[in-house]
Number of protein chains: 2
Amino acid sequence: MKQTKISEAVVRRLPVYLQVLNEMVNREIQTISSQDLGNKLDLNPAQIRKDLAYFGEFGRKGVGYDVVYLIEKIRQILKVDQTIKVALVGAGNLGHALCNYNKYSKDNMQITAVFDDHPSKIGTSINNLTVLPMSELVATVAEQKIRIGIITVPAIEAQNVANQFVEAGVEGILNFAPAILRVPDEVRIQNADFTRELLSIAYYLVREGESQDESDLD
Amino acid sequence: MKQTKISEAVVRRLPVYLQVLNEMVNREIQTISSQDLGNKLDLNPAQIRKDLAYFGEFGRKGVGYDVVYLIEKIRQILKVDQTIKVALVGAGNLGHALCNYNKYSKDNMQITAVFDDHPSKIGTSINNLTVLPMSELVATVAEQKIRIGIITVPAIEAQNVANQFVEAGVEGILNFAPAILRVPDEVRIQNADFTRELLSIAYYLVREGESQDESDLD
DNA sequence: TAGATTGTTAATCGATTAACAATC
DNA sequence: TAGATTGTTAATCGATTAACAATC
């Protein structure tokens with residue numbers, strides 16, 4: 001149990017490794033080196049080796065990493081070797097999209113309950129799940145042992161939903177609303193607000209009338 | 001034009017500042033200090049001052065930052081003081097969701113064209129936009145001076161769509177598909193794949209049977 | 001003036017990369 | 001054995017934070 005404190009940067013790379021490795025399996029590639037992985041992802045091979053080495057010795061010197069074995073190990077690290085249940089609040093288009101994505105995903109993360117407080121939504125069905133009113137959130141989370149909450153409601157309602165998730169005892173929240181949410185330190189919050197993403201892409205646009213290649217060497 | 005190389009970390013914080021500042025405007029707050037901003041966002045005030053100082057002197061000593069003025073400046077930095085046109089490929093639920101979000105957003109980023117190659121989608125209407133076939137992508141991007149592309153198609157089709165966006169000459173791509181895309185260096189690519197986000201949240205879950213508080217002090 | 005807060009330099013901290021012995 | 005590639009230590013690089021003079 002050498003548990004050095006693992007940085008967030010490392011944790012965010014693990015799912016990316018998993019993605020590439022899953023592609024490898026599909027193409028029936030059995031072994032991959034940090035070099036190959038690095039090429040695919042534009043990452044330094046030493047970084048990849050170091051990332052993995054935080055958690056154990058998964059490779060073989062002179063050979064590389066066994067793809068299937070490494071997938072198994074990364075799944076363990078990310079704790080998705082077990083099924084993780086997820087609740088979603090907000091049965092709009094985005095909520096629908098996530099439920100569908102989820103259906104086809106082979107990770108062990110399952111959206112098992114959907115909530116919405118709009119009368120027009122309650123009782124409708126998404127992907128075999130009946131949309132429940134918010135009043136049932138706390139009980140359902142407890143019953144089903146749901147551990148993560150997803151927020152896909154308008155910004156103005158997001159903090160309120162977050163509060164209810166916290167009350168219900170989820171350990172993490174994935175927030176799609178463009179709002180800054182306050183939750184206790186022990187609850188992990190992650191923002192997936194696409195307006196932020198778009199704005200940061202805009203930064204890299206070239207302003208009209210400016211030359212593209214000013215000392216842009218690296 | 002002091003153009004030190006600005007790090008990606010800085011760029012990704014700017015939209016967050018903008019979000020808080022917009023909230024301030026709504027609450028008719030006129031001035032904000034780096035201290036206040038830092039409290040709201042759990043960031044070090046020195047970091048915020050430094051981030052802003054890369055781009056100019058926007059504050060007043062002893063006073064703080066004028067909210068409206070700072071918004072204007074950050075918009076300029078992010079190049080959203082002008083309207084930035086965006087194209088979206090993939091008229092599914094996620095595509096719908098993004099178009100709707102967009103409608104209500106007050107940033108100057110506008111989805112002005114939607115594409116999809118499924119016969120059942122072509123010709124339908126999303127948010128006043130008619131869904132066009134992929135064959136019209138290149139011409140439409142040129143005509144409308146579209147600069148950013150959003151990909152909301154299944155993973156397997158994503159690289160193909162990316163290629164077409166690149167051919168059409170977009171400067172940036174926001175990819176929602178769980179796939180690793182290859183594009184030329186001059187095109188900015190940003191991944192917004194929610195499965196990655198979910199997996200990295202899972203890392204922070206507490207494994208059943210493990211105590212939560214093992215040297216978790218900081 | 002006294003108090004507050006910026007912009008910026010210097011110090012610290014942490015993450016990435018290079019290098020290489022171990023070994024398959 | 002020779003070639004390849006890991007795991008890991010040391011070196012480098014870059015980002016965050018502390019501190020403080022300038023000044024509103």
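Chain letters run A, B, ... following the sequence lines, proteins first and then strands; every chain starts at 1.
Residues satisfying the side-chain hydrogen bond (donor to acceptor under 3.5 Å, both in side chains) criterion with D117(A), sequence neighbours excluded, are absent altogether. For T31(B), the side chain to side chain contact (heavy atoms under 4.5 Å, CB included) partners are V63(B), not counting sequence neighbours. Residues forming a side-chain hydrogen bond (donor to acceptor under 3.5 Å, both in side chains) with N127(B) (at least two apart in sequence, or on another chain): K103(B). Not counting sequence neighbours, the partners of Q19(A) by the side-chain hydrogen bond (donor to acceptor under 3.5 Å, both in side chains) test are D193(B), R196(B). Listed by chain and residue number, V138(B) satisfy the side chain to side chain contact (heavy atoms under 4.5 Å, CB included) test with E167(B) (two or more places apart in sequence, or in another chain). Not counting sequence neighbours, the partners of Y204(B) by the side chain to side chain contact (heavy atoms under 4.5 Å, CB included) test are E8(A), V11(A), R188(A).
Distance, F55(B) CZ to dT8(C) C1': 16 Å, rounded to whole Å. Distance CG (L52(A)) to C1' (dT17(C)): 16 Å, rounded to an integer number of Å.
Residues from residues 60-77 of chain B with heavy atoms under 4.0 angstrom of DNA chain C, sorted by number: R60(B), K61(B), G62(B), V63(B), G64(B), Y65(B). Of the residues in residues 30-51 of chain B, those with a non-hydrogen atom less than 4.0 angstrom from any atom of DNA chain D are N44(B), A46(B), Q47(B), R49(B), K50(B).
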Only pairs under 3.5 Å count here: list side-chain donor-acceptor contacts from residues 150-159 of chain A, not counting sequence neighbours, and write none if there are none.
{"residue": "T152(A)", "atom": "OG1", "partner": "V89(A)", "partner atom": "O", "Å": "3.1"}
{"residue": "T152(A)", "atom": "OG1", "partner": "G90(A)", "partner atom": "O", "Å": "2.7"}
{"residue": "Q159(A)", "atom": "OE1", "partner": "R182(A)", "partner atom": "N", "Å": "2.8"}
{"residue": "Q159(A)", "atom": "NE2", "partner": "N163(A)", "partner atom": "OD1", "Å": "2.8"}
{"residue": "Q159(A)", "atom": "NE2", "partner": "R182(A)", "partner atom": "O", "Å": "3.0"}

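Applying the side chain to side chain donor-acceptor pair (under 3.5 Å) test to pairs two or more places apart or on separate chains, those with a residue in residues 81-90 of chain B are R207(A)-D81(B). Every pair tested for ring pair (Phe, Tyr, Trp, His ring centres under 6.0 Å) that includes a residue from residues 152-191 of chain B fails, sequence neighbours excluded, so the list is empty.
Helical stems in DNA chain D, defined as runs of 3 or more consecutive Watson-Crick or G-U wobble pairs with both donor-acceptor distances under 3.5 Å, are listed by first residue as C:3-24 with D:3-24.
No option in L198(B), L199(B), L205(B) other than L199(B) meets the side chain to side chain contact (heavy atoms under 4.5 Å, CB included) test with V80(A).
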